[in-house]
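Reviewing the structure listed below.
Residue indices begin at 1 and follow the sequence shown.
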Amino acid sequence: MNLFFRLMFISLFARFRSKTDLLGECATPFRVWPTDLDVLRHMNKGVYLSLQDLARVDYMIRAGAAEKIAIEGWYPVVASETIRFRRSLQAFQKFELRTKILAWDDKYIYLEHRFTSKNEVIAIGMIKARFLKRTGGSVSSQELLSVLGLSLDTPVMADYLRAWIEADLGQSKSAGL
């Protein structure tokens, strides 16, 4: 229920916050609530992943992409994700979740989420996502860019991103996925 109220808040108020460029960074403010805590009284690791979902909603609305994507009957899905923790977030602590696109290929879009508090990086998550059609099938990155009115080449992939993609692919192959 906690995430439902956050989703409603983001959906309602993202339209009134500053716009963001699709290839820019989108900062979404949050606060750690008692319902986010685990038995050690810091934010539960699963909450980080759920908040990344909400930050992507904020990002798509503020970048002007959410409505265009919905009109097409498309929706995003996470294919893979990873997160690296550096520090803990405590009850009532304010933090920002900074979302940006790193790169894309024919099928996937790669995003980074940085959890920051007082300009300190708390955790970093990476997402491999794609879009599906409600009528069936997937949306290529070029189709997505076209609907968004963009004609861009993917940014150069950083070595760490390329290594993660290769490791993810290797794990998928070894698991028969």
With no hydrogens and no angle check, just 3.5 Å: does a side-chain donor-acceptor pair link Thr28 and Glu96? no
Is the closest side-chain donor-acceptor distance between Ser18 and Arg62 under 3.5 Å? yes
Under 3.5 Å, side chain of Tyr59 to main-chain N/O of Leu22, donor-acceptor pair present? yes
Taking Ser117 for its side chain and Lys94 for its backbone only, find out whether a donor-acceptor pair lies under 3.5 Å. yes
Between [atom1] of [X] and [atom2] of [Y], what distance do you get to the nearest 0.5 Å?
{"X": "Leu161", "Y": "Glu166", "atom1": "CG", "atom2": "CD", "result": "10.0 Å"}
{"X": "Ile10", "Y": "Arg56", "atom1": "CD1", "atom2": "CZ", "result": "11.5 Å"}
{"X": "Leu144", "Y": "Ser138", "atom1": "CG", "atom2": "OG", "result": "11.5 Å"}
{"X": "Gln142", "Y": "Asp105", "atom1": "CD", "atom2": "CG", "result": "10.5 Å"}
{"X": "Ser141", "Y": "Phe131", "atom1": "OG", "atom2": "CZ", "result": "9.0 Å"}
{"X": "Ile109", "Y": "Lys107", "atom1": "CD1", "atom2": "NZ", "result": "13.0 Å"}

Report the residues that fulfil side chain to side chain contact (heavy atoms under 4.5 Å, CB included) with Ser146, sequence neighbours left out, ordered by chain and then residue number. none
Is [Y] close to [X] at the side-chain level, that is, under 4.5 Å between some pair of heavy atoms?
{"X": "Leu51", "Y": "Met43", "result": "yes"}
{"X": "Leu111", "Y": "Lys100", "result": "no"}
{"X": "Val147", "Y": "Ile69", "result": "no"}
{"X": "Tyr110", "Y": "Thr154", "result": "no"}

Identify the heavy atoms of [X] and [Y] that sit nearest to each other, and give their distance.
{"X": "His42", "Y": "Ser88", "answer": "ND1-OG, 3.4 Å"}
{"X": "Ala103", "Y": "Pro155", "answer": "CB-O, 3.9 Å"}
{"X": "Ala27", "Y": "Arg98", "answer": "CB-NH1, 3.8 Å"}

Examine [X] and [Y] and state if one hydrophobic cluster contains both, with Ile, Leu, Val, Met, Phe, Trp and Tyr joined whenever side-chain heavy atoms are less than 4.5 Å apart.
{"X": "Ile165", "Y": "Leu169", "value": "no"}
{"X": "Val32", "Y": "Phe92", "value": "no"}
{"X": "Phe115", "Y": "Ile101", "value": "no"}
{"X": "Val139", "Y": "Leu150", "value": "yes"}
{"X": "Leu3", "Y": "Leu49", "value": "yes"}

Exercise answer: donor-acceptor pairs, residues 72-81 side-chain atoms, under 3.5 Å, sequence neighbours excluded:
from: Ser80; atom 1: OG; to: Asp168; atom 2: OD1; distance (Å): 2.7
from: Glu81; atom 1: OE1; to: Gln52; atom 2: NE2; distance (Å): 3.3

Greater than 12 external heavy atoms within 6.0 Å of [X]'s [atom1]:
{"X": "Gln90", "atom1": "CD", "value": "yes"}
{"X": "Glu143", "atom1": "CD", "value": "yes"}
{"X": "Arg31", "atom1": "CZ", "value": "yes"}
{"X": "Lys45", "atom1": "NZ", "value": "no"}

Would Lys128 pass as a cation-pi partner of Tyr108, given that its NZ or CZ must be under 6.0 Å from the six-membered ring centre and within 45 degrees of the axis? yes
So Leu148 and Lys68, side chain to side chain contact (heavy atoms under 4.5 Å, CB included) or not? Walk me through it. CA-CA 7 Å; Leu148 298 177; Lys68 293 174 183 176; 4.1 Å; yes
Is the Tyr48-Phe85 ring centre distance short of 6.0 angstrom? yes
Determine whether Asn44 and Val39 satisfy the following criterion, side chain to side chain contact (heavy atoms under 4.5 Å, CB included), listing intermediate values before the conclusion. CA-CA 8 Å; Asn44 180 283; Val39 296; over 6 Å; no
Leu152/Trp104 under side chain to side chain contact (heavy atoms under 4.5 Å, CB included): CA gap, chis, key distance, verdict: CA-CA 10 Å; Leu152 302 168; Trp104 57 85; 4.0 Å; yes
Pick one: which of Asp36, Asp53, Asp58 meets side-chain contact (heavy atoms from CB on, under 4.5 Å) with Arg6? Asp36
Show me, pair by pair, the donor-acceptor contacts under 3.5 angstrom made by side chains of residues 118-127, not counting sequence neighbours?
from: Glu120; atom 1: OE2; to: Arg86; atom 2: NH1; distance (Å): 3.3
from: Glu120; atom 1: OE2; to: Arg87; atom 2: NE; distance (Å): 2.6
from: Glu120; atom 1: OE2; to: Arg87; atom 2: NH2; distance (Å): 3.4

Candidate pair Leu102 and Trp164, rule side chain to side chain contact (heavy atoms under 4.5 Å, CB included), full reasoning: CA-CA 13 Å; Leu102 297 174; Trp164 178 63; over 6 Å; no
